[in-house]
Amino acid sequence: MAEPAEIVKGCMVIKPNGYAVWERLQRELDDRFKATDHQNIYLPLLIPESFLKKEAEHVEGFSPELAVVTHAGGKQLEEPYVIRPTSETIVGHFFAKWIQSYRDLPVLINQWANVIRWELRTRMFLRTTEFLWQEGHTAHASHEEALEEVVRMLDVYGDVAENVMAMPVIKGIKTRAEKFAGAVSSYSIEAMMQNGLALQAGTSHDLGQNFGKAFDVQFQSKEGKLDYVWQTSWGVSTRLIGGLIMTHSDDKGLVLPPKMAPRKAVIVPIFRKEEERGAVMEVATKLAKDLGAHVDARDGQSPGAKFFHWERRGVPVVFELGPRDVASGNIVLKRRDTGTKEVIPQTEAVAKLAETLDAMQHDLLAKARQRLKDNTVLANSIGEVEEILRPVTAEKGGGKFVMAHLKDDAANDARIKEFKASIRNIPLVDEYDGPGQCILTGETVDRRVVIAKSY
RNA sequence: CGGGGCGUGGCUCAGCCUGGCUAGAGCGCCUGCUUCGGGAGCAGGAGGUCGGAGGUUCGAAUCCUCUCGCCCCGACCA
């Protein structure tokens with residue numbers, strides 16, 4: 001799917017199979033953005049350095065990871081440009097130009113782009129120096145409306161994660177210590193990987209009027225009063241591909257939920273003699289058309305090699321078609337996730353494929369949900385939490401989502417960090433026992449939070 | 001930035017400690033024949049300024065100095 005770029009630190013080359021998965025994700029997300037009235041735009045890659053500094057918390061949060069262009073055209077620039085780590089500041093500038101009246105609101109835009117964050121430690125797909133993502137930016141006339149947008153887009157992310165990627169997530173609010181630099185509050189979807197580690201799979205931020213004030217984005221209300229706009233921003237990235245891989249893959253390689261698979265089915269033709277070839281290829285070509293499948297007609301590769309090839313790439317269904325099947329009017333269907341093989345009449349192939357893809361999509365989600373459930377535990381003391389999570393590492397696995405009552409306070413986040421775990425989020429929906437006493441401060445908090453080790 | 005590893009045909013690496021003949025292997029690639037229902041076999045073949053610079057030496061992939069880069073593990077993060 002991808003390989004390290006090698007020539008550029010922390011970057012990767014996303015190869016055709018990986019990029020095709022990204023394109024599927026883009027399609028699913030973009031359709032939903034459009035369906036909720038958002039429009040795509042494109043903003044500059046470079047941002048004047050001074051822009052970043054306009055929002056104090058924002059610059060503080062991002063400064064350490066900025067790549068800065070100081071020279072261009074053979075000369076030193078008067079003001080350096082920052083390569084965007086995200087575009088809130090540049091959006092702020094243009095919102096100020098575009099918005100004067102409540103009639104101009106809401107502004108609902110999205111950008112598909114690449115960004116650069118000079119992280120100290122990178123990891124394929126999960127944290128690369130450059131990554132692809134989408135960033136939605138909206139401006140609203142009221143805080144209520146902005147908050148609705150924040151939750152609406154979080155729901156879109158949750159929908160794609162669960163119903164397309166078959167990756168169950170927990171929606172919730174980040175603690176104040178973990179929120180986006182410059183936001184009033186941040187919402188996230190958190191997924192659990194096969195090793196039990198958490199992956200922040202998407203975020204949606206309530207920016208309040210912070211950027212509105214920093215960039216002077218004012219509008220005149222119906223009542224004639226001037227006010228700053230209420231903004232949101234939300235994004236998911238190529239990290240989702242990493243999440244997909246780590247949610248479903250097995251020892252044999254990638255497993256793609258049918259809805260994420262660029263190729264849902266492949267037919268591997270099998271023939272021994274030249275005279276068998278014609279008959280097999282004829283049937284294979286015809287069936288491929290009906291099935292929307294790809295025929296692997298490569299010469300010089302044995303059928304066995306082809307089976308392994310597609311298996312490793314996660315193609316949901318591989319059909320085997322040989323002289324025997326041509327003679328009997330059957331075809332062999334192999335399902336990727338379970339590995340089960342079935343001989344079916346060719347006439348039923350189309351229906352059987354659809355049925356199998358549906359079942360696989362459903363089963364992968366069910367399996368992932370079960371894993372999430374099995375690895376979520378309750379804890380009622382900090383000692384318990386620490387005991388469960390301290391030994392967990394990405395390599396050793398054994399990760400859990402530990403549900404505990406904990407107050408949203410930076411000191412508490414810091415205590416959790418002592419054993420390298422973190423508060424993933426405060427779930428929007430409390431599936432447990434409601435209010436309880438904070439395991440650190442003893443104060444009453446209204447629900448349990450998710451504590452885990454994460455990528 | 002701290003710790004560790006690596007740079008030698010397209011890929012993965014051996015060779016380096018203890019300098020010496022024509023720099024090797026596996027995989028991949030090319031040609032031919034036989035194969036083909038779970039990674040085929042045989043035969044022949046192409047392909048390398050040993051990351052870069054300097055030094056020591058009769059002689060350097062190997063020793064020394066400098067340098068560049070990448071990967072992995074910790075502190076920041078979608």
Side-chain angles (χ1 to χ4, degrees), chain A residues 3-13 60-66 84-88 113-136 157 174 177-181 183 186-191 198-205 233-243 252-253 267-274 276-277 280 296-312 318-328 330-332 334 339 341 343 393-396 414 417-418 420 422 424 454-455:
Chain A
E3 63 183 53
E6 286 178 333
I7 47 168
V8 188
K9 195 190 185 96
C11 291
M12 63 179 171
V13 175
E60 192 188 329
F62 279 104
S63 290
E65 50 190 85
L66 296 179
R84 65 178 161 222
T86 178
S87 303
E88 274 76 7
N114 56 338
V115 293
I116 283 191
R117 296 183 186 178
W118 216 264
E119 305 287 357
L120 299 174
R121 173 129 160 61
T122 57
R123 209 188 255 272
M124 280 279 269
F125 280 116
L126 301 183
R127 191 172 302 104
T128 43
T129 301
E130 177 183 13
F131 57 94
L132 304 181
W133 77 342
Q134 58 68 218
E135 43 178 325
Y157 291 157
K174 299 300 268 189
E178 293 274 339
K179 73 179 171 63
F180 175 74
S186 290
Y187 292 61
S188 75
I189 52 173
E190 300 284 334
L199 184 74
Q200 180 170 303
T203 48
S204 187
H205 310 292
S233 68
W234 28 273
V236 296
S237 70
T238 35
R239 169 181 276 188
L240 282 179
I241 299 175
K252 294 176 190 151
I267 298 176
V268 175
I270 301 160
F271 41 79
R272 205 170 299 210
K273 309 184 191 79
E274 220 21 58
E276 289 171 341
R277 181 198 195 99
V280 169
D296 186 349
R298 287 175 297 163
D299 276 331
Q301 292 268 16
S302 69
K306 290 178 182 178
F307 296 145
F308 279 98
H309 178 83
W310 297 112
E311 196 161 64
R312 196 172 28 185
V318 173
F319 288 103
E320 308 180 17
L321 184 75
R324 259 190 267 155
D325 307 300
V326 170
S328 64
N330 290 329
I331 190 165
V332 179
K334 182 164 185 194
K341 264 190 199 181
V343 181
T393 66
E395 293 69 33
K396 283 186 285 183
K417 281 215 165 148
E418 283 176 24
K420 302 191 193 320
S422 55
R424 302 315 306 161
S454 73
Y455 276 107

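Each chain gets a letter, A, B and so on, in the order the sequences are listed, and its residues count up from 1.
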With sugar-phosphate meaning primed atoms plus P, OP1 and OP2, does A/Val332 contact a base, only sugar-phosphate, or nothing at under 4.0 Å between heavy atoms? base
Students often get this wrong, so: under 4.0 angstrom with heavy atoms, is A/Thr128 touching a base, only sugar-phosphate, or nothing? base
Give the rounded distance in Å between these two atoms: [atom1] of [X] and [atom2] of [N].
X: A/Glu88; N: B/rA78; atom1: CD; atom2: P; result: 12 Å
X: A/Ile189; N: B/rA78; atom1: CD1; atom2: P; result: 13 Å
X: A/Lys334; N: B/rG39; atom1: NZ; atom2: P; result: 12 Å
X: A/Glu119; N: B/rG74; atom1: CD; atom2: P; result: 15 Å
X: A/Phe125; N: B/rA78; atom1: CZ; atom2: P; result: 19 Å
X: A/Glu130; N: B/rA78; atom1: CD; atom2: P; result: 17 Å
X: A/Glu320; N: B/rC36; atom1: CD; atom2: P; result: 16 Å

On the side chain of A/Lys306, is there an atom forming a donor-acceptor pair with the base of B/rG37 - under 3.5 Å, no angle test? no
Quiz question: going by heavy-atom distance under 3.5 Å, is there a donor-acceptor pair between the base of B/rG38 and the side chain of A/Glu311? yes
Is the base of B/rA78 stacked against the aromatic ring of A/Phe131, taking ring centres under 5.5 Å apart and planes under 30° as the test?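 Given the distance and angle limits, yes, they stack.
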Is_stacked (A/Phe307, B/rG38) at 5.5 Å, 30 deg: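 No, A/Phe307 does not stack on the base of B/rG38, since the centre distance and plane angle fail the 5.5 Å and 30° test.
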Is it true that A/Ser454 and A/Arg424 share a donor-acceptor pair across their side chains at a distance under 3.5 Å? yes
For a quick test of reading the model: is some side-chain N or O of [X] closer than 4.0 Å to OP1 or OP2 of [N]?
X: A/Lys252; N: B/rG38; answer: no
X: A/Arg272; N: B/rU35; answer: no
X: A/Thr203; N: B/rA78; answer: no
X: A/Arg117; N: B/rA78; answer: no

Would A/Arg84 count as a cation-pi partner of A/Trp133, with NZ or CZ less than 6.0 Å from the six-membered ring centre and within 45° of the ring normal?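 No, cation not above the ring by the 6.0 Å, 45° rule.
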Polar atoms only, N or O, under 3.5 Å: list the protein pairs with nucleotides 41-45 of chain B and their distances.
none

From the set B/rC73, B/rA78, B/rG37, return the single nucleotide nearest to any side-chain atom of A/Pro303.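 Closest of the options to the side chain of A/Pro303: B/rG37.
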What's the closest nucleotide to the side chain of A/Ser302 if the choices are B/rA78, B/rG37, B/rA40?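 The nucleotide sitting nearest to the side chain is B/rA40.
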Please tabulate the protein-to-nucleotide N/O contacts below 3.5 Å involving nucleotides 31-34 of chain B, giving atom names and distances.
none

Paired and unpaired positions of RNA chain B as dot-bracket, Watson-Crick or G-U wobble under 3.5 Å, | denoting a partner strand: ((((((((.[[[[.)....(...]]]].((((((.....)))))).....[[[[[..)....]]]]])))))))....
Can you check the distance between B/rA14 and B/rG26, where both ends of the measurement are the C1' atom (answer in whole Å)? 10 Å
